[in-house]
Amino acid sequence: QVQLEESGGGSVQAGGSLRPSCAASASIYSSQCMGWFRQGAGGDREGVAAIASDGRVAYAESVKDRFTISRDDSKSTMYLQMNNLKPEDTAKYYCAAGSGLICVSVLEHLRVSLLGEWGRGTHVTVFS
């Protein structure tokens, strides 16, 4: 069973940057489809970005050209570089991992929350 732990959230002024990371505990990390989704105060979950084991990536339109997802397989860690943050990016960010068999669907529709394993989340607050 993959265990995931996020870190690197925080509070930042609009226009600033943060780089949350997600450490995976299992050796099967390299075969996993991984991604980030966020949940705001209203409770809705929004897929933010996803990355396949072969490096294919996908982004929500709301974060495209501002966020970059990456993974370092040697460290079993995934990252989300967030630049030019906006107050509407304020949310709790979760990393997720799941079988590569569903990655095509995850990438196409950004349905990151369908992935089977989630971390506990890290808060990101952007103030104006």
Side-chain angles (χ1 to χ4, degrees):
Q1 184 174 0
V2 177
Q3 293 179 334
L4 306 169
E5 183 172 5
E6 303 94 338
S7 61
S11 296
V12 64
Q13 193 169 20
S17 299
L18 287 171
R19 191 191 188 211
S21 61
C22 173
S25 63
S27 61
I28 60 171
Y29 160 90
S30 62
S31 66
Q32 298 284 342
C33 186
M34 301 186 74
W36 295 88
F37 68 92
R38 63 190 180 187
Q39 190 165 11
D44 292 337
R45 292 177 191 148
E46 177 190 14
V48 175
I51 185 167
S53 58
D54 62 5
R56 288 171 294 153
V57 298
Y59 298 95
E61 284 296 323
S62 59
V63 306
K64 199 171 288 186
D65 299 326
R66 298 189 298 122
F67 290 11
T68 302
I69 189 171
S70 63
R71 54 194 294 170
D72 185 339
D73 291 349
S74 68
K75 298 179 180 179
S76 298
T77 301
M78 176 179 63
Y79 303 95
L80 185 67
Q81 178 66 47
M82 305 191 294
N83 297 329
N84 190 22
L85 282 159
K86 303 176 180 180
E88 51 263 42
D89 294 318
T90 295
K92 190 170 186 179
Y93 285 71
Y94 296 84
C95 70
S99 170
L101 296 176
I102 64 170
C103 214
V104 171
S105 178
V106 170
L107 288 170
E108 184 172 357
H109 304 292
L110 247 333
R111 298 172 72 179
V112 179
S113 60
L114 291 182
L115 295 171
E117 299 289 338
W118 298 1
R120 294 184 177 183
T122 185
H123 288 282
V124 170
T125 302
V126 185
F127 54 92
S128 56

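Remember, predicted model here, so these are calculated numbers, not experimental data. Just so you know, these numbers use all the heavy atoms, side chains as well, and skip hydrogens, waters and symmetry mates.
One N or O on the side chain of Gln32 and one on the backbone of Gly98 form a donor-acceptor pair closer than 3.5 Å. Glu6 places a side-chain N or O within 3.5 Å of a backbone atom of Arg120 that can act as its donor or acceptor partner.
No side-chain N or O of Ser113 forms a donor-acceptor pair with one of Gln39 less than 3.5 Å apart.
Going from atom OG of Ser53 over to atom CZ of Arg71 covers 6.0 Å, rounded to the nearest 0.5 Å. Between Asp89 atom CG and Thr125 atom OG1 the span is 11.0 Å, to the nearest 0.5 Å. Note that CZ of Arg38 is 14.0 Å distant from OG1 of Thr122, once rounded to the nearest 0.5 Å.
Residues Met34 and Ala97 share a closest heavy-atom pair of CG-CB, 4.0 Å. Closest approach of Ser99 to Cys33, counting heavy atoms only: O-CB, 3.8 Å. The two atoms that bring Cys95 and Met78 nearest to each other are CB-CE, 3.6 Å, heavy atoms only. The minimum heavy-atom distance linking Ser128 with Ala14 is given by the pair CA-CB, 4.3 Å. Shown here for Ala49 and Val112, the closest heavy-atom pair between the two residues is O-CG2, 3.7 Å. The two residues Leu4 and Ala24 make their nearest non-hydrogen contact at CD2-CB, 3.7 Å.
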Evaluation steps, side-chain hydrogen bond (donor to acceptor under 3.5 Å, both in side chains), between Glu46 and Ser62: CA-CA 10 Å; Glu46 177 190 14; Ser62 59; 3.1 Å; yes
Verdict with reasoning, Val104 to Arg56, per side chain to side chain contact (heavy atoms under 4.5 Å, CB included): CA-CA 10 Å; Val104 171; Arg56 288 171 294 153; 4.1 Å; yes
Working for side chain to side chain contact (heavy atoms under 4.5 Å, CB included), residues His123 and Ser11: CA-CA 8 Å; His123 288 282; Ser11 296; over 6 Å; no
Criterion side chain to side chain contact (heavy atoms under 4.5 Å, CB included) on Ser17 and Gln81, from CA distance to verdict: CA-CA 7 Å; Ser17 299; Gln81 178 66 47; 4.0 Å; yes
Residues Met82, Val12; criterion side chain to side chain contact (heavy atoms under 4.5 Å, CB included); working and verdict: CA-CA 11 Å; Met82 305 191 294; Val12 64; over 6 Å; no
Criterion side-chain hydrogen bond (donor to acceptor under 3.5 Å, both in side chains) on Ser21 and Ser7, from CA distance to verdict: CA-CA 5 Å; Ser21 61; Ser7 61; 3.0 Å; yes
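Residue Val48 is grouped with residue Ile69 when hydrophobic side chains (ILVMFWY) are merged at heavy-atom distances under 4.5 angstrom, including chains of intermediate members. Residues Trp36 and Val124 fall within the same hydrophobic cluster, defined by Ile, Leu, Val, Met, Phe, Trp and Tyr side chains chained together at heavy-atom separations under 4.5 Å. No path of Ile, Leu, Val, Met, Phe, Trp and Tyr side chains, each step under 4.5 Å between heavy atoms, connects Leu85 with Phe127, placing them in separate hydrophobic clusters. In this structure, Leu80 is not a member of the same hydrophobic cluster as Leu115, with clusters built from ILVMFWY side-chain heavy atoms closer than 4.5 Å. Residue Val106 is not grouped with residue Tyr93 when hydrophobic side chains (ILVMFWY) are merged at heavy-atom distances under 4.5 angstrom, including chains of intermediate members.
Taking the six-membered ring where tryptophan is involved, the planes of Tyr94 and Phe37 are essentially parallel, since the angle between them stays under 30° and well short of 60°.
Side-chain atoms of Thr68 and Tyr59, non-hydrogen and from C-beta on, do get closer than 4.5 Å to each other.
Enclosure of atom NE2 in His109 by more than 12 non-hydrogen atoms of other residues, nucleotides or ligands within 6.0 angstrom is indicated. In the displayed structure, Asp65 atom CG is contacted under 6.0 Å by at most 12 heavy atoms of other residues, nucleotides or ligands. No more than 12 heavy-atom neighbours from other residues, nucleotides or ligands sit within 6.0 angstrom of CZ on Arg111.
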